[in-house]
Amino acid sequence: MRRVFEVFRQERKGQPLQHAGSIVAPDERFAELYAREQYGRRQESAALWLVPREAVLEIGDFPDEFDLKYRRVDGYSIRERLREARERASSARSASAGAG
Amino acid sequence: MDARTQEFVEYVQSGGQVEATDWMPDEYRARLIKFIEMHANSELMGVLPERDWILRAPTLQRKLALTAKIQDEVGHAQLIYRVVEDLGKPRQACLDDLVSGRSKFHNVFHYPTRTWGDVGVIAWLVDAAAIISQKALLRCSYAPYARIMKKICWEESFHILHGRDVVLALVTGTQEQFELVQEALNRWWEPLMHFHGTPIPADEDPMLFWRIKSQANEDARQQFLDGYVPQIRELGLEIPDPALRKDEETGRWLYTEPDWERLRAVITGHGPASAERLAFRRLSREDVAWVERVILAEAA
């Protein structure tokens, strides 16, 4: 039997493990050997994760039916309000300076 | 073209990238398989000219470096065949087509390596030409291939340095050693000029249309000439093309038109070493078939 293992690779400690490619091996023992040889023989990886392809649960669509923009940065447009607030503050300051 | 394909084309042409599990038009998949399979074949066949020199390397250090380079290239073939397999063509089918001559491999691997000078010129200049194509593939619309290319480019930069070191050792040696490099350069110049393919205009190249490639053939060749002609000439080597010069107004290199018919003949299996290389690949495939049987039986 041949199984596909997805290879995730960490370049340096502390960095995220990123998908690097895949290997085909008859079992986990060979998968480890092949992964060490193909993705680690030059000390270019701090860690590898080997995941049997059938174990990967993929989610690829993220519908936004209710337009939940208030959860995101782009849901807020503050430029106009900020301008107005600054104007008000500055006219209030000059008004109180005039009064004093 | 149907609406879905039209949308796909617009997506890749605006820089979008495609994953293995995404929908893709049949033509795109077929072109990817053909192109990436040829790349994998080239990595696998590319070790044979250098393999001839493992036992004849001049020092232990050179032997180790050459062996490491060869291991890298075989490793690249492994990685790239995986990408082809995920697109739907099994590795065994790729190898069948390779040894029977149904699929192609790069022109430069159809030539013999006559001296140690050839080994230096291949590792330096053939790998330099290859890294130009491969760096352009970092922007390939097919993401799994682009990701693999990152690792490959990283390893190729060591190969170029190794090749340049071999060449520098020879050009600073005896007159005879210098001549080895000059003669190898004379032999390899035409294959190098062929390397990036015929100067097909960008808007007629289907590989650019699908954004599988991101660089026109002639642009890749110009980039190679720009980078390496000065490096070759500064060593006192002579490039065997009297017409080669840079047009200072256009910034483009002018050169004698390579024989494109010869390129066609070479890549269809009529190069000076094509038959011998394929025969060797066939033989070694039969030789090692038992390894796969044993491993699969043991794992079962």
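No hydrogens, no waters, no symmetry mates; every other heavy atom, side chains included, goes into these values. To find a chain, count down the sequence lines: A is the first, B the second, and so on, and within it residues start at 1.
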Could you tell me whether Arg164(B) and Asp127(B) make a salt bridge, using a distance below 4.0 angstrom between a side-chain N and a carboxylate O?
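Not counted as a salt bridge, because no side-chain N and carboxylate O are separated by less than 4.0 Å.
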
With a cut-off of under 6.0 Å to the ring centre and 45° to the axis, is Arg42(A) in cation-pi contact with Phe158(B)?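 That pair qualifies as a cation-pi contact.
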
Does some side-chain heavy atom of [Y] sit less than 4.5 Å from a side-chain heavy atom of [X]?
| X | Y | result |
| --- | --- | --- |
| Ile131(B) | Ile160(B) | yes |
| Glu19(B) | Pro144(B) | yes |
| Phe5(A) | Arg53(A) | no |
| Tyr76(A) | Lys69(A) | no |

Q: Give, as side chain, backbone, both or neither, the part of Arg41(A) having an atom under 4.5 angstrom from any heavy atom of chain B.
A: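 Answer is side chain: those atoms of Arg41(A) sit under 4.5 Å from chain B.
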
Measuring heavy-atom distances to chain B, does Phe30(A) have an atom under 4.5 Å in its side chain, in its backbone, in both, or in neither?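 The side chain, not the backbone.
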
For this session: Would you check if the side chain of Glu292(B) reaches a backbone N or O of Val288(B) as a donor-acceptor pair within less than 3.5 Å?
Result: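 Judged by distance alone, no pair lies under 3.5 Å.
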
Salt bridge (Lys or Arg N to Asp or Glu O under 4.0 Å) for Asp2(B) and Arg4(B)? Distances and angles first, verdict last. CA-CA 6 Å; Asp2(B) 61 82; Arg4(B) 199 176 188 190; over 6 Å; no

Would you say that more than 12 heavy atoms from the other residues, nucleotides or ligands in this model lie under 6.0 Å from the CD of Glu54(A), or not?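 Yes, enclosed.
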
Donor-acceptor pair between [X] and [Y] side chains, under 3.5 angstrom:
| X | Y | answer |
| --- | --- | --- |
| Gln71(B) | Glu37(A) | yes |
| Ser284(B) | Asp287(B) | no |
| Arg211(B) | Ser141(B) | no |

Checklist line | Residue-level interface, residues 22-61 of chain B with chain A, non-hydrogen cut-off under 4.5 Å | finding: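 Checking residues 22-61 of chain B against chain A gives no residue, so none.
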
message = Heavy atom to heavy atom, less than 4.5 Å: which residues from residues 72-96 of chain B reach chain A?
response =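 From residues 72-96 of chain B, the residues near chain A are Asp72(B), Gln78(B), Leu79(B), Arg82(B), Glu85(B), Asp86(B), Arg91(B).
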
With respect to chain B, which residue among [options] yields the maximal number of heavy-atom pairs within a distance under 4.5 Å?
| options | result |
| --- | --- |
| Arg29(A), Glu44(A), Glu58(A) | Glu44(A) |
| Val24(A), Asp27(A), Val7(A) | Val24(A) |
| Ala25(A), Ser22(A), Gly60(A) | Ser22(A) |

